[in-house]
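Down below is the structure, laid out as structure tokens.
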Amino acid sequence: MMHSRRALALVPVVLAASASPALAHHAMGGQVPDTLATGLLSGLGHPVIGVDHLAFVVAAGVAAAFTGNRLLSPLAFVAATVAGCLLQVAGTALPAAEFVIALSVVAIGAVVLSGRSIGSPALLGLFALAGLFHGWAYGQSIVGAEPTPLLAYLAGFSAVQYGIAVAAGLLAVRLWKAAGPEAVRPRLAGAVVAGIGLTFFLEQVESLILA
């Protein structure tokens with residue numbers, strides 16, 4: 001019981017330490033993938049090597065675990081990140097992407113923190129909005145790729161994000177079951193997720209002020 005509580009207490013610390021703007025990372029050292037293999041490897045590695053991307057995916061999985069639709073909500077998030085990447089590749093601009101990303105994560109966390117139920121369409125909309133803008137933000141690393149490596153990138157990228165989100169949700173549920181009262185679990189998860197989003201938002205505000 002004590003070990004579970006300690007592990008649970010470390011969750012917000014680790015995720016908060018991971019918080020930074022959603023900058024583009026690339027598993028190929030900045031080189032645009034030019035083969036199926038490099039596209040797949042880049043897609044598998046991209047969401048993992050950047051702690052900012054990883055924090056978003058983990059947050060989405062944790063939020064989904066306590067709001068229902070454990071499998072469908074992360075799928076909506078992942079599908080939207082793919083759409084966002086394709087928008088970036090097509091040269092379509094999304095306004096204030098970093099701010100929308102941060103605020104959407106705050107909103108998802110706030111829903112969980114409130115302890116109130118929310119309709120599936122609205123919940124899926126929140127996940128999709130976060131995914132669309134987040135995917136656009138790091139789609140920069142695949143701009144200019146040929147169709148084969150691009151499709152391989154998207155396949156690897158989708159698989160690893162979905163796997164991480166679902167695993168994070170399952171782990172969170174197990175930790176909460178072992179560490180605290182039933183009523184506290186979803187709200188604590190929401191506080192963690194909202195805190196991550198608020199951290200991103202404040203960093204964006206600070207960057208504008210200091211620019």
Side-chain angles (χ1 to χ4, degrees), residues 1-20 22 25 27 41 43-82 101-102 104-118 120 123-131 134-135 138 155-200:
M1 178 70 73
M2 184 61 67
H3 291 300
S4 296
R5 288 180 179 176
R6 288 176 180 174
L8 184 59
L10 288 175
V11 172
V13 176
V14 172
L15 293 180
S18 300
S20 60
H25 298 276
L41 289 174
L44 290 171
H46 192 130
V48 178
I49 61 174
V51 291
D52 43 9
H53 306 330
L54 183 60
F56 273 115
V57 177
V58 170
V62 172
F66 293 106
T67 55
N69 295 324
R70 293 183 186 178
L71 301 180
L72 185 58
S73 292
L75 185 61
F77 176 83
V78 171
T81 61
V82 173
I101 289 168
S104 63
V105 175
V106 173
I108 291 171
V111 168
V112 185
L113 181 60
S114 71
R116 298 177 181 178
S117 60
I118 180 174
S120 292
L123 182 63
L124 293 177
L126 283 175
F127 276 89
L129 180 65
H134 189 56
Y138 57 70
F157 172 80
S158 300
V160 73
Q161 282 192 115
Y162 188 69
I164 290 172
V166 172
L170 291 175
L171 177 60
V173 169
R174 291 189 179 183
L175 288 175
W176 259 262
K177 283 182 177 178
E182 182 75 27
V184 174
R185 295 178 214 151
R187 294 190 177 188
L188 184 54
V192 172
V193 173
I196 293 171
L198 184 60
T199 300
F200 286 131

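Since this is a predicted model, take the numbers as computed values, not measurements.
When all heavy atoms are compared, the tightest approach of Arg70 to Val166 is O-CG2, 4.5 Å. When all heavy atoms of Gly156 and Leu44 are compared, the pair lying nearest together is O-CD2, 3.5 Å. Taking both residues in full, the closest heavy atoms of Ile196 and Ala59 are given as CD1-CB, 4.3 Å, listed atom of the first, atom of the second, then distance. Considering every non-hydrogen atom in both Ala60 and Phe127, the closest pair reads O-CE2, 3.3 Å. Among all heavy-atom pairs drawn from Ser158 and Val82, the shortest one is OG-CG2, 3.1 Å. Here the shortest heavy-atom pairing between Gln161 and Val78 reads CB-CG2, 3.8 Å.
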Start with the C-alpha gap between Val111 and Leu126, add the side-chain angles, then the distance that decides, and say whether side chain to side chain contact (heavy atoms under 4.5 Å, CB included) holds. CA-CA 10 Å; Val111 168; Leu126 283 175; 3.9 Å; yes
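In this structure the side chain of Val105 never reaches within 4.5 angstrom of the side chain of His134, judged on heavy atoms. Contact annotation: the side chain of Val106 never approaches that of Phe200 to less than 4.5 Å [non-hydrogen atoms, C-beta and beyond]. Side-chain contact check for Val48 versus Ile164: some heavy-atom pair is nearer than 4.5 Å.
Side chain of Tyr162 to main chain of Leu71: a donor-acceptor pair is present (N/O by atom type, distance under 3.5 Å, no hydrogens or angles). A donor-acceptor pair is defined here as one N or O able to donate and one able to accept, closer than 3.5 Å; such a pair exists between the side chain of Ser104 and the backbone of Ile101.
Taking CD1 of Ile108 as the start and CG of Leu113 as the end, the distance is 13.5 Å to the nearest 0.5 Å.
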